[in-house]
Amino acid sequence: MWAALEPIGRDARSGGYRRFAWTDEDAILREWFAGEAGARGLDVLEDRAGNQWAWLGDPDAHGPGVVVGSHLDSVPDGGAYDGPLGVVSSFAALDALRDKGFRPSRPLAVVNFGDEEGARFGIACAGSRLITGALDAERARGLSDVDGTSLGEAFARSGRRLEHLGPDRETLARIGTFVELHVEQGRGLVDLGRSVAVGTAIRPHGRWRIDLVGTANHAGTTLMADRDDAMQAFAHLVKSARIAAVEHDGVATVGKVQVTPNGVNAIPSHVTAWLDARAATEDQVQAIVADVGDKVESLRGTVTEESWTGATPFDGTLATDLAGLLDDVPLLDSGAGHDAGILAAAGIPAAMLFVRNPTGVSHSPAEFAERDDCHAGVDALVRVIERLAG
Ligand code: GLV
Ligand code: MN
Ligand code: MN
């Protein structure tokens, strides 16, 4: 499975992946998923947001079932494991269970959530947010990529029915429990010397768009005193985000920026930047954003919230039960967002398994997992499925 996935959407220069929602690469990944499902005799259903569900057994007749899986899309120049490790491990776990002669008492599915990273249209976990109603379908349709293509256009061009985009009660009713296996995106397991952990919670986080306005003018003839330069305001914004994050013991990133007119010899007339802020508590995140907001106001800019995910605990009983089942693996919370968190927030029992990442690096080509740890993750998933669907 890794060999088949390896070339899809790989950037030759960076070595990282560019697998964005509703692109050609995404279509190839979806075909790969359907092929793997078909080869195992699973029935692939697509929900109203285009998430793929490969079912063993009939969830409508005998559900709700147990669902495992993750996503296949990536951030720009992302690693190979964020998302795909969960999907590949899920298929591998089903293979191992089949080889053992396991007969599930409930339907089982592997899911491929679409647009988890929000790399193209800006909203992370768009697939799961859409089916749970956390993302309004009307708003989603209008989200635009950098080239001005809307999510609605891209969805329709992929051959899907735009009028179907939206909450999907039928799909949600099929999920008894969702377990998402994911590469760890920090050093928790490295520091503990363990290969697998169970997730306890997703830390609160959000994304904000910041618009800063200047006045376009000639780079050679405009005196410094006469300039109204949106890029200078941007520099203050970036600095204020770091200061606010340190002050409130959280993290803040300005990782995406668009400059208008984006010419070497033209003073920028407009900068749009995106702030990603996260912390242990919602109050801390809001304090970071308030401080940045004060700075932006002093720069005559505007701040618009694009997405917000509150503190999301996973089902505590389930997490403790699974950690015990897996020979007392550690419990870790997550600074990253996941579809499992969106489902948990919608009231669906959800859990996560994390697999050690020796580099501790993620959203980068340096993301990694050793083969033995990947196998330990599959073994853990096998035991979890046996517990939940045995
Ligand atoms: C998803 O990976 C996120 O940005 O948390
Ligand atoms: Mn990610
Ligand atoms: Mn992920």
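Each ligand, and each atom within it, is numbered from 1 in the order the structure gives.
Residues Ala119 and Val75 approach most closely at CB-CA, 4.1 Å, considering heavy atoms.
Here the side chains of Leu97 and Ile385 are in contact, with some heavy-atom distance below 4.5 Å.
Annotation for ligand 1: atoms under 4.0 Å from non-hydrogen atoms of Ala336 are 5 (O). Close contacts between ligand 1 and Glu117 involve ligand atoms 1 (C), 2 (O) [criterion: under 4.0 Å to a heavy atom]. For ligand 1 and Gly337, the ligand atoms under 4.0 Å from any heavy atom of the residue are 1 (C), 3 (C), 5 (O).
Closest to the Mn ion (ligand 2) among the N, O or S atoms of Glu117 is OE2.
On a distance-only criterion, His363 and ligand 1 share at least one N/O pair closer than 3.5 Å.
The nearest non-hydrogen atom to atom 3 (C) of ligand 1, considering only His338, His205, Arg278, comes from Arg278.
Side chain of Glu297 to main chain of Gly301: no donor-acceptor pair is present (N/O by atom type, distance under 3.5 Å, no hydrogens or angles). Panel note: side chain Arg40, backbone Glu36; a donor-acceptor pair is recorded below 3.5 Å. In this structure a side-chain-to-backbone donor-acceptor pair under 3.5 Å is present from Thr312 to Gly310.
Taking the centre and axis of the six-membered ring of Phe33, the NZ or CZ atom of Arg30 falls outside the cone set by 45° and 6.0 Å.
At least one N, O or S atom of His71 sits under 2.8 Å from the Mn ion (ligand 3). Between the Mn ion (ligand 2) and Asp82 there is an N/O/S contact shorter than 2.8 Å.
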